Amino acid sequence: MNCQIKDLHQHIDQSVTLQGWLYNRRDSGKIAFLVLRDGTGMCQCVVSKSPETEGFFEQARRLGQESSIRVTGTVRANEKQIGGVEVDVTNLEVVGESHDYPITPKPHGIDFLFKHRHLHFRSRRQWHILRIRHTVIDEIRAYFNRNGFTLIDTPIFAPAAGEGAQTLFEVDYFGEPVYMAQTGQLYVETACMAFGKVYCFGPTFRAEKSKTRRHLTEFWMVEPEIAYAELDDVVALAEDFVGAIVQRVLRDHRDDLEFLGRDITSLEKITKPFDRMTHAEAADILRGDRAQALLQYDLKNKSARVEEIKKLLEEKEARSTAQGVKQWQKDKLAAEMADLREELADLEVEVENIPHHMELARNFDPGGDLGGSDETIISRLSDKPTFVTHYPRACKAFYMKRNDDDPTRVNNVDLLAPEGFGEIIGGSQREDDHDALLARIHEEELDPADYDWYLDLRKYGTVPHGGFGLGVERTVAWICGLKHIRETIPFPRMMGRFYP
Ligand code: 4AD
Ligand code: MG
């Protein structure tokens with residue numbers, strides 16, 4: 001009977017057939033231990049030398065990593081093994097051999113791994129992350145579907161900018177320039193006047209010339225939009241929505257989160273209400289002593305860790321070159337040293353940057369946008385996500401509704417994920433007054449002809465409305481606790497990376 005690894009525990013003492021790939025192998029001459037993965041999980045398959053296994057025992061001992069195999073055997077309960085079971089093999093069939101698989105259990109650099117991304121996500125860590133991504137996307141759809149939102153697919157070829165003109169990718173559209181969509185928002189706004197509550201969900205593109213841990217050039221964004229809504233309604237929706245995503249991942253992926261070393265208690269704190277502050281309040285915090293103290297504290301801790309790692313590396317180096325060290329010990333030390341070197345390289349960059357970030361915070365321009373390091377500071381100050389509202393109008397997109405009490409500000413909101421992860425949501429109430437919007441279009445030196453259709457909404461039954469965009473990859477990075485966004489998408493596209 002064919003069986004998937006995730007269901008093995010329901011077949012104790014029965015004979016099953018598994019179809020998968022060889023993840024790892026070791027043998028003791030008389031027994032070969034094969035770790036098999038089949039996409040649903042991993043399990044240990046044991047091939048003992050006996051007349052029954054004579055036909056394939058030697059082959060099993062020599063199988064290359066990632067060979068595809070079909071294995072039949074009896075399922076045994078074994079608490080010590082992955083998944084609490086193992087399989088006593090009675091038959092083994094090689095479907096496709098694999099020799100010299102490039103990604104071995106030994107350490108590899110990031111560049112090497114991402115050049116082999118088509119194979120890399122067979123690795124365990126990537127498998128855990130992409131399973132969580134799947135569920136985040138599933139919950140995004142489920143949330144809006146169960147709350148009465150209609151899905152509206154918006155175009156990817158767009159005639160004009162939806163966000164800043166600096167990050168447009170231009171494409172030759174039969175001799176005319178068009179742009180890859182930076183957002184579906186302007187289109188989804190039009191649909192919200194037809195359906196009330198709508199969302200679009202698709203890939204979006206930004207020519208981000210920065211190589212940061214937060215930026216992709218192609219990323220997935222979900223954008224709900226609601227009619228008859230003001231800023232507070234947008235904030236309430238974002239809060240409920242993000243809470244639902246985190247709860248769902250906690251419900252379905254505890255094992256995956258644990259494997260990734262994620263601190264689960266910090267995710268359990270993501271309950272309503274989230275924190276809320278205005279941009280002016282954020283500016284005060286950034287310019288004040290609290291931000292400086294936080295960064296001083298980081299500088300001290302990180303510098304101490306740098307010294308600690310350097311010592312550890314020396315020790316391990318000495319141990320691995322000592323006499324009589326076995327090869328497996330050398331391999332283990334080499335893997336540990338590779339991890340430490342990677343951590344060290346990251347930390348050294350961070351330590352070098354902290355004084356600059358202190359300077360940026362101290363001199364934060366109250367009329368400007370929050371930079372990456374500013375977001376990090378604000379989002380470190382609380383266990384909860386923080387909504388930052390009412391940014392200066394000059395640093396935000398043309399479509400945002402100006403604030404009635406303070407016309408220099410707009411009714412917008414960014415949601416900063418805690419623990420330093422920063423912005424995962426950007427949204428706003430939209431300018432619903434025709435003349436005010438037209439004036440903003442002129443101010444931004446955009447061509448009003450490009451936005452005729454968008455202005456029409458403000459001519460034919462305009463209503464207050466608003467929405468937001470949530471970036472899937474930044475959300476997954478936060479939930480999984482990843483330092484870099486590149487692992488959250490199957491094939492990352494970033495400045496300098498578009499292969500394979
Ligand atoms: O803040 P942004 O630019 O907002 C918009 O595009 C609005 N039109 C959304 C709306 O109101 N309907 O982007 C929204 C989110 C960010 O908070 C972030 O999570 C993600 O999209 N994002 C990126 N993710 C990865 N790489 C990039 N280069 C990103 N740029 C934005
Ligand atoms: Mg934004």
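Not measured: the values here are computed from a predicted model. Remember, it's 1-based here, ligands and their atoms both numbered in the order they're listed.
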For [atom], which protein heavy atom lies nearest, and how many Å away is it?
atom: atom 12 (N) of ligand 1; result: Glu223 OE1, 2.7 Å
atom: atom 11 (O) of ligand 1; result: Arg430 NH2, 2.9 Å
atom: atom 5 (C) of ligand 1; result: Glu163 OE2, 3.2 Å
atom: atom 14 (C) of ligand 1; result: Met221 SD, 3.3 Å

Would you call [X] and [Y] a salt bridge, using N to O less than 4.0 angstrom?
X: Arg341; Y: Glu348; value: no
X: Arg214; Y: Glu208; value: no
X: Glu359; Y: Arg362; value: no
X: Arg122; Y: Glu66; value: yes
X: Asp111; Y: Arg497; value: yes
X: Glu419; Y: Arg262; value: yes

[X]-ligand 1 polar pair, N/O distance under 3.5 Å:
X: Leu216; value: yes
X: Ile424; value: yes
X: Ile425; value: yes
X: Gly471; value: yes

Original post:
How would you list, by chain and number, every residue that makes a salt bridge (Lys or Arg N to Asp or Glu O under 4.0 Å) with Glu230, sequence neighbours excluded?
Top reply: none
Take every heavy atom of [X], measure it against each atom of ligand 1, and state whether any distance is under 4.0 Å.
X: Arg474; value: yes
X: Glu225; value: no
X: Gly467; value: yes
X: Lys396; value: no

Original post:
At a non-hydrogen distance cut-off of under 4.0 Å, which region of His215 contacts ligand 1 (side chain, backbone, both, or neither)?
Top reply: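 Near ligand 1, His215 shows its backbone as well as its side chain.
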Subject >> Per-residue contact class, Phe468 against ligand 1 - non-hydrogen pairs under 4.0 Å >> reply: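 Under 4.0 Å from ligand 1, Phe468 contributes backbone atoms alone.
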**OP:** Below 4.0 angstrom from a heavy atom of Gly427, which ligand 1 atoms are there? Numbered from 1 as shown, please.
**Re:**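 Answer for ligand 1: 11 (O).
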Subject >> Under the ring pair (Phe, Tyr, Trp, His ring centres under 6.0 Å) test, residues paired with Phe398 that sit two or more places apart >> reply: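 Expected list: Tyr451.
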Subject >> Heavy-atom nearest neighbour of atom 16 (C) of ligand 1 within options Glu423, Arg206, Met400 >> reply: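 Heavy atom nearest to atom 16 (C) of ligand 1 belongs to Glu423.
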Original post:
Do the ring centers of Phe205 and Phe169 come within less than 6.0 Å of each other?
Top reply: no
Original post:
Would a 4.5 Å heavy-atom cut-off, applied to side chains only, mark Asp414 and Leu370 as touching?
Top reply: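 No - every pair of side-chain heavy atoms lies 4.5 Å or more apart.
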Subject >> Minimum side-chain heavy-atom gap Cys192-Val198 below 4.5 Å >> reply: yes
Original post:
Can you tell me how far the CZ atom of Arg474 sits from the CG atom of Leu482, to the nearest 0.5 Å?
Top reply: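 The CZ atom of Arg474 sits 14.0 Å away from the CG atom of Leu482.
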Subject >> Polar contact flag, side-chain donor to acceptor under 3.5 angstrom, Asp252-Thr135 >> reply: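 Looking only at side-chain atoms, Thr135 and Asp252 do not form any donor-acceptor pair under 3.5 Å.
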**OP:** Quick one: list whatever passes side chain to side chain donor-acceptor pair (under 3.5 Å) with Ser428, sequence neighbours left out.
**Re:**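 Ser428: side chain to side chain donor-acceptor pair (under 3.5 Å) contacts with Arg430.
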Original post:
So which protein N/O/S atoms does the Mg ion (ligand 2) have within less than 2.8 Å?
Top reply: Glu423 OE2
